[in-house]
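One structure below.
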Amino acid sequence: MKILKSFLLVTGIFFTSHCLAQPFADEIKEFKNQDRINPPPANAILFVGSSSFRKWTDVSSYFPGYTIINRGFGGSSLPDVIFYAPDIIIPYHPKQVVIYCGDNDLASSDAVTADTVFERFRVLFELIRKNLPGENILFVSIKPSPSRIRLKEKMEKANLLIQTYLSLQQHAGFVDVYHKMFNPDGSVMTDIFLEDNLHMNAKGYALWQKVITPYLLK
C-alpha cells in the first residue's frame with residue numbers, strides 16, 4: 001500500500017480521505033475470501049470496474065472458450081479501482097485486464113470533468129503497466145445511460161481522450177460500446193436497460209458481448 005500511496009503522490013492525485021474511508025471494503029474482503037477458497041485461474045482475463053461489470057454475473061457464459069475473472073464492485077469510480085488494484089488486479093497476473101469505469105466519476109460531482117476522468121484513468125493504466133508490464137489492457141468506453149444523458153458531452157470527451165491515449169500505447173485497446181448503444185435517429189436505446197435506465201439487461205450485455213469479443217485474447 002505504501003507503493004500505491006507514493007505512486008499517487010508522484011502523479012499529483014490525492015485520495016487521502018477517500019482511502020481512509022475504505023469504501024467497498026466488504027466487497028473486496030469477500031473477493032479475497034473467494035480467492036482463498038477457490039484460487040483464481042492463472043493467465044485469465046480480468047474484468048474490473050464498476051457495477052456494469054458487477055451486475056454481469058454470468059459474464060463467462062457470454063464468452064465461451066475464455067477464462068474470465070469478474071471483479072466489478074459496487075458503484076465504484078476510478079479512484080476506487082486504483083486504491084484496490086493491489087488487491088484485485090495485480091495479484092491475479094492476468095494476461096489481459098478489461099476495465100469499465102468512469103461514468104460514476106462524472107455523475108459524482110459537476111466538478112469532475114472529462115479531463116479529470118482521463119487523468120484518473122491514466123494513473124490506473126500506469127499503475128497496472130508498472131506492476132504487470134506487457135499485459136494487455138482494454139478500456140470499455142463509458143456508456144450513454146438514459147438516466148445520465150445530461151453527461152453526454154463529458155462522456156464523449158472522456159472517451160475520446162482515453163481512446164487517443166491508448167492508441168499510442170503498446171498492448172492496449174479501446175472498445176467503443178458507446179456509439180453502438182444509439183438508435184439510428186440518435187436517441188439512446190432504451191430496451192437494453194433495466195427500469196433504472198442506468199444498468200443493462202441481457203439484451204444490453206449481448207450487445208456488449210458482440211463488441212468486446214474481437215478484442216479478447218485467446
Apply side chain to side chain donor-acceptor pair (under 3.5 Å) to K203 and list each qualifying residue two or more places apart in sequence or on a separate chain.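 K203 satisfies side chain to side chain donor-acceptor pair (under 3.5 Å) with D191 only.
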For P41, give me all partners under side chain to side chain contact (heavy atoms under 4.5 Å, CB included), at least two apart in sequence or on another chain.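 By the side chain to side chain contact (heavy atoms under 4.5 Å, CB included) rule, P41 matches A44, T67, I69.
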Any residue meeting side chain to side chain contact (heavy atoms under 4.5 Å, CB included) with D196, in chain and number order, not counting sequence neighbours: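 So D196 forms a side chain to side chain contact (heavy atoms under 4.5 Å, CB included) with L194, L198, H199.
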Salt bridge (charged side-chain N to carboxylate O under 4.0 Å, His left out) partners of D105, counting only residues at least two apart: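 By the salt bridge (charged side-chain N to carboxylate O under 4.0 Å, His left out) rule, D105 matches R120.
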Partners meeting ring-ring contact (aromatic ring centres under 6.0 Å, His included) with [X] (sequence neighbours left out):
| X | value |
| --- | --- |
| Y62 | W56 |
| F47 | F53, F63 |
| Y66 | none |
| F193 | none |

Would T164 and S167 count as a side chain to side chain donor-acceptor pair (under 3.5 Å) here? Give the steps. CA-CA 5 Å; T164 301; S167 71; 5.5 Å; no
Grab the two heavy atoms, one from C101 and one from L78, that are nearest each other, plus how far apart they are.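 Scanning both residues completely, I find the closest heavy atoms to be SG-N, 3.4 Å.
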Ring pair (Phe, Tyr, Trp, His ring centres under 6.0 Å): which pairs involve residues 126-149, sequence neighbours left out?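 For residues 126-149: F121-F139.
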So which pairs with a foot in residues 145-171 pass ring pair (Phe, Tyr, Trp, His ring centres under 6.0 Å), sequence neighbours left out?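 Of all non-adjacent pairs touching residues 145-171, those that pass ring pair (Phe, Tyr, Trp, His ring centres under 6.0 Å) are F118-Y165, F125-Y165.
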Any pair counted as salt bridge (Lys or Arg N to Asp or Glu O under 4.0 Å), so long as it reaches residues 27-50, sequence neighbours left out: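 As it turns out, the salt bridge (Lys or Arg N to Asp or Glu O under 4.0 Å) pairs with a partner in residues 27-50, which skip direct neighbours, are K32-D87, D35-R71.
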Restricting to pairs with a member in residues 173-183, which pass salt bridge (Lys or Arg N to Asp or Glu O under 4.0 Å), not counting sequence neighbours?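 Output for this query is empty, none listed.
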Side chain to side chain contact (heavy atoms under 4.5 Å, CB included), paired with V175, selected from V98, T213, I212, L166: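 The side chain to side chain contact (heavy atoms under 4.5 Å, CB included) with V175 is passed solely by I212 among V98, T213, I212, L166.
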Ring-plane angle category for W208 and Y100, please: parallel below 30°, perpendicular beyond 60°, tilted otherwise.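 The arrangement is tilted - the two ring planes meet at 30° to 60°.
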